[in-house]
Amino acid sequence: MSEVEAGSGNVYTDLGDPEAKEMLAKAQTVSSIIRLIEEKGLSLGDAARLADVPQVQLSKLLIGQFQTNALIDLEEILKKIRDYTKHDDRICRAT
């Protein structure tokens with residue numbers, strides 16, 4: 001029978017990542033960004049415009065390619081999207 005080992009609650013710690021706490025914080029921030037985009041019903045393009053980042057960059061973050069991004073930059077993206085309301089005119093659609 002196989003042994004089961006309890007995790008630490010941080011997969012990055014369990015994998016031996018020396019920057020485990022920061023990586024977990026980044027993952028949680030990206031998760032919050034995804035949740036907000038869904039809750040606000042934003043398209044990827046609209047979310048990128050709000051966050052003032054290229055759509056390609058935001059797309060990469062949302063599929064898990066966030067490791068090289070600074071936590072402070074991810075938190076700024078989260079803040080910009082969180083602060084958006086439907087009556088806000090910051091989303092300018094291309095014609």
Side-chain angles (χ1 to χ4, degrees):
M1 181 166 226
S2 299
E3 289 187 37
V4 176
E5 185 176 326
S8 69
N10 181 338
V11 68
Y12 299 102
T13 297
D14 297 343
L15 293 172
D17 190 322
E19 297 179 16
K21 286 184 181 182
E22 182 173 0
M23 289 303 297
L24 179 60
K26 289 179 182 184
Q28 290 171 332
T29 302
V30 170
S31 179
S32 294
I33 292 169
I34 292 168
R35 188 172 50 254
L36 273 175
I37 289 170
E38 290 172 352
E39 286 175 5
K40 292 178 180 280
L42 297 170
S43 69
L44 183 62
D46 287 345
R49 281 188 282 282
L50 286 172
D52 197 26
V53 297
Q55 185 172 332
V56 170
Q57 179 184 348
L58 184 60
S59 179
K60 287 180 179 180
L61 295 176
L62 302 183
I63 63 169
Q65 296 177 5
F66 56 82
Q67 294 79 0
T68 60
N69 293 83
L71 179 57
I72 194 165
D73 294 338
L74 297 174
E75 290 170 337
E76 183 64 23
I77 291 170
L78 177 63
K79 180 186 181 313
K80 287 178 179 178
I81 294 172
R82 184 186 311 133
D83 290 349
Y84 169 75
T85 63
K86 288 196 180 205
H87 303 292
D88 192 338
D89 63 356
R90 290 184 294 156
I91 297 178
C92 299
R93 296 192 188 278
T95 55

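Note that the structure is a prediction, hence the values are computed from the model and not measured.
The side-chain heavy atoms of D46 and R49, taken from C-beta on, include a pair separated by under 4.5 Å. Taking the side chain as every heavy atom from C-beta outward, V53 and D73 never approach each other to under 4.5 Å. Between K26 and N69, the closest side-chain pair of non-hydrogen atoms is not below 4.5 Å. Looking only at side-chain heavy atoms (C-beta outward), F66 and T29 stay at 4.5 Å or farther from each other.
Contact detail for A20 and N10: the closest heavy-atom pair is O-ND2, 3.2 Å. Across G9 and L24, no two heavy atoms sit closer than the pair O-CD2, 4.5 Å. Nearest approach of L58 to A48, heavy atoms of both residues: CD2-N, 3.5 Å. The minimum heavy-atom distance between R82 and K40, with the atom names listed, is O-NZ, 3.4 Å.
In this structure, CD1 in I63 is found 8.0 Å from NZ in K60, a value given to the nearest 0.5 Å. How far CD1 of I37 is from CG of L78: 9.5 Å, rounded to the nearest 0.5 Å. Residue I33 holds its CD1 atom at 12.0 Å from CG of L42, rounded to the nearest 0.5 Å. Annotation: the span from Q67 atom CD to L61 atom CG amounts to 9.5 Å, rounded to 0.5 Å.
Using a 4.5 Å cut-off between side-chain heavy atoms of Ile, Leu, Val, Met, Phe, Trp and Tyr, with links allowed through other members, V30 and L71 fall into different hydrophobic clusters.
Atom CD of E19 sits in a sparse spot, with 12 or fewer heavy atoms from other residues, nucleotides or ligands closer than 6.0 Å. Under a cut-off of 6.0 angstrom, the local environment of CD1 in I72 is sparse, with at most 12 non-hydrogen atoms contributed by other residues, nucleotides or ligands.
Applying the side chain to side chain donor-acceptor pair (under 3.5 Å) criterion to S32, with sequence neighbours excluded, gives R35. Among residues two or more places apart in sequence or in another chain, the side chain to side chain donor-acceptor pair (under 3.5 Å) test is passed with S8 by D14.
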